[in-house]
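No hydrogens, no waters, no symmetry mates; every other heavy atom, side chains included, goes into these values.
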Amino acid sequence: MAVRVFHRDEPSGRLPMIASDARLVVWPGVGAWDANMNYVVMEPGEKNRPHTHPESEDAIFILEGRGTIRDLSNDAVLEFEAGEVIFVPAGVEHQVRADRGVPVVSAGGPCPADTAMLRRAGADIPDRPGQA
């Protein structure tokens, strides 16, 4: 495998459970197992389904906008805005919401990739090399 360059406007997959415009850019579908980078645009009022990554930490860099993240495991709601990074530890149920009147644009995702969630969402990904 060699170094590759990907563009957010040419994703090899989408993940509608995250947002109507959630693009899988670097993920197992392109051979990346430990790094994961999604590009997500959430329109005002949009929110993703509450979800958990049992074995992955989630880091989300907010490029534009502002919203909130619900930490359902700890009964908390935190506000965020452009320039900030959201960190979600493995096993914490959470929900990102564009609920502050503007779109939210972000890049990031769970690392290592949450292959079980991707498969439940309908993504066609192979088994990780060396594992069956």
- Task: List in chain and number order the residues that pass side chain to side chain contact (heavy atoms under 4.5 Å, CB included) with M117, two or more places apart in sequence or in another chain; answer none if no residue qualifies.
- Result: L15, M17, H51, H53, D114, R120
- Close side-chain approach of D34 to R128, heavy-atom, < 4.5 Å: yes
- Item | Check: P103 and P44 side chains under 4.5 Å, non-hydrogen atoms | yes
- Item | Qualifying side chain to side chain donor-acceptor pair (under 3.5 Å) pairs with a residue from residues 75-91, counting only residues at least two apart or across chains | none
- Item | Beyond-backbone contact of P112 with S56, side-chain heavy atoms, under 4.5 angstrom | yes
- Task: Could you walk me through whether Q95 and N48 pass side-chain contact (heavy atoms from CB on, under 4.5 Å), step by step?
- Result: CA-CA 6 Å; Q95 177 187 48; N48 58 39; 3.7 Å; yes
- Message: Quick one about W33 and T115 (side-chain donor to acceptor, distance below 3.5 Å, no hydrogens or angles considered), yes or no?
- Response: no
- Would you say the side-chain atoms of T68 pair up with the backbone N or O of L78, donor to acceptor, closer than 3.5 Å? no
- Message: I'd like to know if the side chain of N74 and the backbone of A76 have a donor-acceptor N/O pair within less than 3.5 Å.
- Response: no
- Item | Any V104 side-chain heavy atom under 4.5 Å of R66 side chain | no
- Message: Check this for me: does any side-chain nitrogen of one of R119 and D127 sit under 4.0 Å from a carboxylate oxygen of the other?
- Response: yes
- Could you tell me which non-hydrogen atom of S73 sits nearest to which non-hydrogen atom of G91, and how far apart they are? OG-O, 4.0 Å
- Going hydrophobic residue to hydrophobic residue with side-chain gaps under 4.5 angstrom, can you get from M42 over to L72? no
- Take R49 and I18, measure what side-chain contact (heavy atoms from CB on, under 4.5 Å) needs, and give me the verdict at the end. CA-CA 7 Å; R49 285 190 227 155; I18 298 301; over 6 Å; no
- Query: Is there a side-chain contact between D9 and R23, using heavy atoms and a 4.5 Å cut-off?
  - Reply: yes
- Query: Which atom pair, heavy atoms only, marks the closest approach of P50 to E93?
  - Reply: CB-OE2, 3.6 Å
- From CA spacing to verdict: side-chain contact (heavy atoms from CB on, under 4.5 Å), F6, S12: CA-CA 10 Å; F6 299 93; S12 58; over 6 Å; no
- Answer with yes or no whether the hydrophobic clustering places V102 together with I62; edges join I, L, V, M, F, W, Y residues whose side-chain heavy atoms lie under 4.5 Å apart. no
- Task: Compute both the distance and the angle, then confirm whether R8 meets the cation-pi test with Y39: under 6.0 Å from the six-membered ring centre, within 45 degrees of the axis.
- Result: yes
- Heavy-atom closest pair (E46 atom, V41 atom, distance to 0.1 Å) is OE1-O, 4.0 Å
- Message: Just by distance, no angles: are the side chains of S20 and E43 close enough, under 3.5 Å, to form a donor-acceptor pair?
- Response: no
- Query: Do R4 and V30 come close enough that some side-chain heavy atom pair is under 4.5 Å?
  - Reply: yes
- Message: Do the side chains of D99 and R70 get close enough for a salt bridge, i.e. N-O under 4.0 angstrom?
- Response: no
- Query: So do V25 and N38 actually touch side chain to side chain, heavy atoms under 4.5 Å?
  - Reply: no
- Query: Is there a side-chain contact between L63 and S106, using heavy atoms and a 4.5 Å cut-off?
  - Reply: no
- Message: Looking at every heavy atom in both V26 and A32, which two are closest together, and how far apart are they?
- Response: CG1-CB, 3.5 Å
- Task: With sequence neighbours excluded, tell me which residues meet side chain to side chain contact (heavy atoms under 4.5 Å, CB included) with E57.
- Result: F87
- Task: Would you check, one step at a time, whether the test side-chain contact (heavy atoms from CB on, under 4.5 Å) holds for N36 with D58?
- Result: CA-CA 9 Å; N36 192 48; D58 205 350; over 6 Å; no
- Item | ILVMFWY network linking I69 to F61, side-chain heavy atoms under 4.5 angstrom | yes
- Task: Say whether I60 and V105 are linked into one hydrophobic cluster, either directly or through other cluster members, by side-chain heavy-atom distances under 4.5 angstrom.
- Result: yes
